[in-house]
Amino acid sequence: MVFPFLKYSKKSPGETANEIGNFIVSEIQEIESFNVINGFLNLVICDDYWVSALLKAVNEENYGFTNISEHSKLVMVEYSSPNTNKPLHLGHIRNNLLGFSLAEILKANGHRVVKTNIVNDRGIHICKSMLAWQKWGRGETPESTGGKGDHFVGELYVEFDKHYKEEIEELVNKGYSKKEAEENASLIQEARELLIKWEAGDKETVNLWRTMNEWVYEGFDVTYRKLGVDFDKIYYESDTYIAGREEVLRGVDNGIFYRKEDGSVWADLTKNDLDHKLLLRSDGTSVYMTQDIGTAKMRFNDFKIDQMIYVVGNEQNYHFEVLSILLDKLGYEWGRDLYHFSYGMVELPSGKMKSREGTVVDADDLIAEMEDYARQMSQELGKLENLTREEAENNYEIIALGALKYFILKVDPKKNMLFNPQESIDFNGNTGTFIQYTYARIKSVLRKAAERNINYKTELSPDTLLSNKEKDIIKRISMFPDIVKEAGKEYSPALIANYCYELVKEYNQFYQDHSILHESNTIKRNLRLILSLTTSRIIKKSMQLLGIKVPERM
RNA sequence: GCCCCGGUAGCUCAGUUGGAUAGAGCAACUGCCUUCUAAGCAGUAGGUCAAGCGUUCGAGUCGCUUCCGGGGUACCA
């Protein structure tokens with residue numbers, strides 16, 4: 001594109017392009033020729049440049065990734081962060097997949113990463129479930145009902161909400177305003193009393209709390225394992241809120257925060273163009289913000305963190321803006337540098353998901369449905385006939401989770417996305433399945449090459465002539481390191497997903513009209529085998545960055 | 001009200017930082033399995049890039065205005 005040069009050359013676009021083109025061809029060996037169209041100068045790069053680019057990709061250990069050393073930047077990634085009052089749903093799945101993938105991408109970019117989970121195991125919402133169990137639980141447990149612990153507790157939470165709403169309605173009928181009713185309902189007051197008792201360390205309350213949380217953790221573990229996500233360090237807000245409260249009180253002593261007459265503690269953020277923010281309730285209990293201050297402090301005590309990333313939905317943008325300012329006010333130099341990885345909501349065709357109203361897509365149910373569908377499709381297509389039962393079952397899981405993860409991660413994390421349970425489960429087109437399938441296809445070719453004792457690693461002649469499609473794929477392969485860097489810089493798994501899709505699409509086009517093992521010209525055959533091998537490796541690495549497994553056959 | 005974020009094909013999404021005729025997938029229609037896996041490939045059709053104005057050689061991309069959608073603005077998390 002030569003327009004910017006016209007003011008220097010003072011010539012027509014065509015003439016300018018020709019002069020530059022001639023100069024480049026004579027000066028740079030790798031440029032074979034050029035052509036000019038509509039003021040655009042196109043340079044043609046010669047084949048042996050691409051051949052050596054392919055050789056570099058296939059021979060370079062850790063191609064596309066940056067090695068980690070002990071001097072690498074230490075990044076802490078917080079993700080998942082569930083509440084222990086309900087099971088995980090589709091929104092949490094997006095969070096977990098993004099957090100895990102982000103950590104993998106950062107590692108590939110040479111950072112040391114600590115994956116952390118802050119479990120929201122205390123607070124008024126937990127007390128609601130506890131109260132519901134006391135009132136309507138009839139002494140049942142997940143064991144006695146045979147359910148998963150997180151679902152068991154989740155149902156209690158819904159139960160509370162149901163009764164609470166009924167009570168509000170009654171009060172409104174008696175002439176209270178809606179707000180008064182919400183405040184004065186006996187159920188919410190009982191829940192609050194429970195929270196105060198809990199913070200005071202009341203034995204019975206704490207025991208119930210501990211028991212119910214254990215139920216939930218057992219349920220979460222199953223889901224996490226299924227999703228393939230894990231953590232290096234788990235924090236519990238039941239521990240961190242104390243540190244938070246101390247920090248807030250220290251802030252009051254130092255005049256950073258102020259106390260109202262009713263005893264509640266506030267931060268005045270009007271100088272930051274924000275309003276006043278509550279930090280401790282008038283009854284002395286902590287709020288969300290209090291806990292996050294404490295959590296941050298504990299983390300920076302525990303690790304020498306260079307960068308802190310919070311993977312939390314964009315509905316909390318304001319919260320993190322405030323958190324950053326508060327930590328800064330408290331004198332933590334890293335406060336300003338917190339990065340809120342703010343991702344969009346997952347919406348359903350019916351609108352937003354709401355746990356209390358039961359309009360959620362449950363994580364466990366969704367995964368199970370996808371596995372069923374994978375099993376059904378595999379059988380319909382007559383796949384996996386040569387596999388053992390165990391291998392087949394393993395493949396259903398790989399395919400189901402691959403489809404789900406890819407579907408979610410291919411979308412720009414910043415944007416809201418729509419998930420249609422009926423239509424979003426698809427194994428054709430731009431899907432994880434398509435990528436896995438291509439991988440399995442390549443592995444099949446490579447296996448057959450090995451069976452026929454075809455050695456394809458040594459003889460890559462620089463005189464190899466390339467078809468356009470072969471050149472396209474090599475071009476794409478040589479972009480991989482830049483894409484990994486870009487994904488690390490932009491914090492975007494979607495860049496990896498979309499890149500990998502393009503690569504795979506091109507490979508399938510190539511596969512369609514190029515023979516590999518049947519090619520009689522050994523120079524060409526070797527090129528195509530190396531091309532296939534390299535493509536398969538990049539597919540595997542890309543999918544690894546997304547937390548997606550690839551099957552050897554499918 | 002105020003503050004953020006979005007609007008690209010019927011649907012779900014890309015669009016390489018301002019460049020050539022705006023791309024994929026799904027859905028619809030048409031071809032391709034005696035050859036390395038047809039969960040694939042090739043093709044047809046589908047667009048006022050929400051609307052308008054501006055910035056300049058050039059705007060889906062940058063700026064302003066309007067319309068529409070989402071989120072936030074809690075002694076919820």
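All chains are named by letter (A, B, ...) in the order of the sequence lines, taking the proteins before the strands, and each is independently numbered beginning at 1.
A/Tyr217 and A/Thr84 share no donor-acceptor pair across their side chains, judged by distance under 3.5 Å alone. Side chains of A/Ser342 and A/Asn317: a donor-acceptor N/O pair is present below 3.5 angstrom, by distance only.
Listed nucleotides B/rG40, B/rU73, B/rG71 differ in distance to A/Glu315; the shortest reach to its side chain belongs to B/rG71.
Remark: RNA chain B forms stems of 3 or more consecutive Watson-Crick or G-U wobble pairs, all pair distances under 3.5 Å, at B:1-7 with B:67-73, B:10-13 with B:23-26, B:28-32 with B:40-44, B:50-54 with B:62-66.
In this structure a side-chain-to-backbone donor-acceptor pair under 3.5 Å is present from A/Glu167 to A/Ser186.
The shortest distance between the side-chain N/O atoms of A/Arg259 and the OP1/OP2 oxygens of B/rC75 is not below 4.0 Å. Phosphate proximity of B/rC76 to A/Arg281: present, with a side-chain N or O under 4.0 Å from OP1 or OP2. Distances shorter than 4.0 Å separate some side-chain N or O of A/Ser444 from OP1 or OP2 on B/rU37. Here A/Lys383 reaches the OP1 or OP2 of B/rA39: one of its side-chain N or O atoms lies under 4.0 Å away. Look at A/Lys410 and you won't find any side-chain N or O under 4.0 angstrom from OP1 or OP2 of B/rA24. Taking only side-chain nitrogens and oxygens, A/Lys443 never comes nearer than 4.0 Å to OP1 or OP2 of B/rU37. In terms of phosphate contacts, A/Lys448 brings a side-chain nitrogen or oxygen within less than 4.0 Å of OP1 or OP2 of B/rU37. Between B/rA77 and A/Arg122, no contact under 4.0 Å exists linking OP1 or OP2 to a side-chain N or O. Look at A/Tyr437 and you'll find a side-chain N or O under 4.0 angstrom from OP1 or OP2 of B/rA39.
Using the six-membered ring where Trp is involved, A/Phe341 and A/Tyr339 have ring planes that are perpendicular, over 60° apart on the 30 and 60° scheme.
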Q: Any chance you could lay out the ring pair (Phe, Tyr, Trp, His ring centres under 6.0 Å) test for A/Phe434 and A/Tyr501, step after step, and finish with the verdict?
A: CA-CA 8 Å; A/Phe434 172 62; A/Tyr501 173 65; 5.7 Å; yes
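Atom CG in A/Asn83 sits roughly 9 Å away from atom P in B/rA77 (whole-Å rounding). Between the CD atom of A/Glu321 and the P atom of B/rC5 there is a distance of 11 Å, rounded to whole Å. As a whole-Å value, the separation of A/Arg94 CZ from B/rC13 C1' is 12 Å.
In the interface, the side chain of A/Asn42 is paired with the base of B/rA20 through a donor and an acceptor atom under 3.5 Å apart.
If you take OG on A/Ser378 and CG on A/Asn395, they are separated by 7.0 Å, rounding to the nearest 0.5 Å.
Under a 4.0 Å N-O distance rule, the pair A/Glu183/A/Arg192 qualifies as a salt bridge.
Between B/rG54 and B/rG10, the distance separating the two P atoms is 28 Å to the nearest Å.
Take the nearest nucleotide of RNA chain B for A/Asn314 and for A/Met417: the residue whose nucleotide is more 5' is A/Met417. Between A/Thr438 and A/Trp266, the residue whose closest nucleotide on RNA chain B is further toward the 5' end is A/Thr438.
Aromatic stacking is not marked for A/Phe427 over B/rA39, as the cut-offs of 5.5 Å for the centres and 30° for the planes do not both hold.
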